There are 2 protein chains.
Amino acid sequence: MSAITIKMLARELNLAISTVSRALMDSYEISAETKEKVHALARQLNYQPNHYASSLRRQRSKTIAVIIPEISNNFFSHVINGIEAIAQEKNYHVLIYFTHENQQKEAEVIQHLLSGRVDGILMSMAGNTTNIQHLHPIREQGIPIVFFDRICADLDAPTVTTDDFDSSLLATHHLMEVGCKKIAYLSISPHLSIDCKRMQGFQQAIATKSGQVESLLLPCSTDPQRNQELITNMLAIEKPDGIFASVEKLAIASYHACASLGLSIPADVKILSFSNLETASLLNPGLTTIIQPAHDMGKSAATVLFNMLEKRKSKNWERNTVIRSSMIIRRSTQIAI
Amino acid sequence: MSAITIKMLARELNLAISTVSRALMDSYEISAETKEKVHALARQLNYQPNHYASSLRRQRSKTIAVIIPEISNNFFSHVINGIEAIAQEKNYHVLIYFTHENQQKEAEVIQHLLSGRVDGILMSMAGNTTNIQHLHPIREQGIPIVFFDRICADLDAPTVTTDDFDSSLLATHHLMEVGCKKIAYLSISPHLSIDCKRMQGFQQAIATKSGQVESLLLPCSTDPQRNQELITNMLAIEKPDGIFASVEKLAIASYHACASLGLSIPADVKILSFSNLETASLLNPGLTTIIQPAHDMGKSAATVLFNMLEKRKSKNWERNTVIRSSMIIRRSTQIAI
DNA sequence: AAATTCTACGGAAACGTTTGCATAAAACAT
DNA sequence: ATGTTTTATGCAAACGTTTCCGTAGAATTT
């Protein structure tokens, strides 16, 4: 019924609790003979160490927390995959929390994690987080944290990102090369590092063709329905001939908006987007995407975190890791024939 | 630096540890006055109870585990979302594990969870799990478990599923109504409950038109590359005019296969699939899908589990919850004009 | 006034580990 | 033979809670 404890093993074998404990962790001061006996019984009774007792005693839990805005997002699910791959390798466990882009929720989660619940944190900021007061206790308590993708610039912590600025620059140039004269940037949230960087790249590219290419900025929301309305309105009124979607969901909303207006992609409007959509090539038309190395970013962030956990002393771990995205050009930005 | 403990609060306030503990948990035998003092100090010092100490003492952790095959799958990410919604509401924490469709890994995860690490388990079986020996200790130790989607028929535990059989029946009839005469069923893994049920629905539908409609069975793998080859081969050799993909990834592979052979959907081959793809309507052509109520299934599974946790006695919780899927017909199964 | 019940709190044991320290027995050195 | 080191083990204290039990003093009843 109830689980086997070290105490039971000790009693059964007529050994002290400490001896059994040491035997199980393969301590050098236990004879090979005793170790064998202990291990044999442990196997036989299917002994599993109590994680909570162990975590309480040593002051670490072999658990990390991943805090992300949401999971119904290809990028984040691939990141998680990468994180889990590393965690599994290191025998760590992963607690997962969603902020739903909500600062309040983000604060609550962090508040909870301050109790030593986890050894470290991997985090991507919520879209509507403007105030970062709730992040300070993390540093005060010295809990290792690594930010990925949506970083917090005002906090001194390692980050793992992709080359948002450069990719945006490249992508915008591409739009201009295929003939766009009036390009709209669809922003997901001006508080997010990624959005800022991407917009900067966009604007810098536009600036190089100053006077020849017009730019538009459309701030979007977290509500898909509302986004589609916003985009539809913009398409109808401003009539841009290019759309740069900062995130996948805005590209999808754009496709729907075009469909509702009977606009043809790419003849009337060309669209590209940061996106990890697996079906990008199967869309009608295929969507030109800037593919973020999500899986690698997850692995990388986890690796940096584990480095911090393992050698707490040497504070010279990677500060800012940047992994390059790659652009795949498809029909959505093809020059009309 | 280090976290605040109850002991520190007690010393500061000249109270016994037990008094502080009781005050914090709002026990009736503590005066309102004392409670107020304790709460005030706790707030001021930002006290956070140590989760491990607490979990060790009471024998519950306020944590559940979710064991799924993978996350890069729209269905599972939506399920997780539903689970997290309920967990958050109940103030529970969620540990997440991926089996990568691997029985070995599945066994390891479960092995670990036997130590009282979690209060309950939500699980969807791995694709290549044939032997369920590793599941028995869960029942022996009395750890509450709920299976969702890919259930384990041989274990007496509550399940949350969708109406796989009926939906398959309906979908297959649809394929036949739009004129398919030779329909291939793409199987993901014959060991999975969902695959069996879906195949049965498929076969039963075919049987009603016995002699008039031919059926094909293509067992697929977990490797996308390989699947595409298998499907391409089948399309080339057997020339079916309809494909029923048991899971989303096989539909995607089918689209790619058709593209590589220059086959037109739906003119040459009609395709439908169980799928939660958000972009189904934007594909070329739009994919007819049987949408599983993933989010609701997650919420439902979590709710059943929490019911088990809360009233351990009354064993009359829902045994088998079935939530209906819905079919959305799109161009991929349209009658050619 | 004595006996009883409440009220509000303290002491200490427990949850299952890990680990610093102590110590018999054995091995070795003088 | 005596002293010293080594080897293998045991004892007990921690980790931070929760909770059983006990008890002064106040309040109430008889």
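Every chain is numbered from 1, with letters handed out A, B, ... down the list of sequences. Being a predicted model, the structure only gives us computed values, none of them experimental. All values below were derived from every heavy atom in this structure, side-chain atoms included, with hydrogens, water molecules and symmetry-related copies excluded.
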query = Just by distance, do the side chain of A:Tyr52 and the backbone of B:Arg117 share a donor-acceptor pair under 3.5 Å?
reply =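 Judged by distance alone, yes, a pair lies under 3.5 Å.
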task = Please check if the side chain of A:Ser27 supplies one atom and the backbone of A:Ala23 the other of a donor-acceptor pair under 3.5 Å.
result =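 Checked: no pair found.
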d([atom1], [X]; [atom2], [N]) in whole Å:
X	N	atom1	atom2	result
B:Asn50	C:dT17	CG	P	17 Å
B:Ile6	D:dG16	CD1	P	11 Å
A:Leu56	C:dT17	CG	P	12 Å
B:Arg60	C:dC15	CZ	P	18 Å
B:Leu15	C:dT7	CG	P	20 Å
A:Tyr47	C:dG16	OH	P	10 Å
A:Met8	C:dG16	CE	P	7 Å
B:Asn14	C:dG10	CG	P	9 Å

task = Kindly indicate, with the supporting measurements, whether the criterion side-chain hydrogen bond (donor to acceptor under 3.5 Å, both in side chains) is fulfilled by B:Thr34 and B:Ser31.
result = CA-CA 5 Å; B:Thr34 305; B:Ser31 71; 2.8 Å; yes
message = Ignoring hydrogens, what is the shortest heavy-atom contact between B:Leu192 and B:Ala126? Give both atom names and the distance.
response =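 Scanning both residues completely, I find the closest heavy atoms to be CD2-O, 3.5 Å.
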request  = Check A:Gln88 against B:Phe98 and note the closest heavy-atom contact, atom names and distance.
outcome  =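 Minimum heavy-atom separation between A:Gln88 and B:Phe98: NE2-O, 3.6 Å.
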request  = Taking atom types as modelled, find out whether B:Ser61 and B:Asp119 have a side-chain donor-acceptor pair closer than 3.5 angstrom.
outcome  =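 There is such a pair between these side chains.
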task = Kindly say if A:Gln59 contacts the phosphate of D:dG16, meaning a side-chain N or O under 4.0 Å from OP1 or OP2.
result =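 For A:Gln59, the contact criterion (side-chain N or O under 4.0 Å from OP1 or OP2 of D:dG16) is met.
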task = Answer with yes or no after comparing the ring centroid distance for B:Tyr97 and B:His112 against a 6.0 Å cut-off, counting only values under it.
result =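 For B:Tyr97 and B:His112, the ring centres are not under 6.0 Å apart.
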ask   = What are the residues of residues 16-35 of chain B, sorted by number, that bring a heavy atom to within less than 4.0 Å of DNA chain C?
value =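 Nucleic-acid contacts, sorted: B:Ala16, B:Ser18, B:Thr19, B:Arg22, B:Glu29, B:Ile30, B:Ser31, B:Thr34.
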query = Where do B:Asn50 and A:Ser115 land on the side-chain hydrogen bond (donor to acceptor under 3.5 Å, both in side chains) test, with the steps shown first?
reply = CA-CA 5 Å; B:Asn50 182 304; A:Ser115 60; over 6 Å; no
message = Once rounded to the nearest 0.5 Å, what's the spacing between atom CE of A:Met123 and atom CG of A:Leu135?
response =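 Answer for the CE-CG pair, A:Met123 versus A:Leu135, is 5.0 Å.
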remark   = Encoded 5' to 3' (Watson-Crick or G-U under 3.5 Å; [ ] crossing; | other strand), DNA chain C becomes ||||||||||||||||||||||||||||||
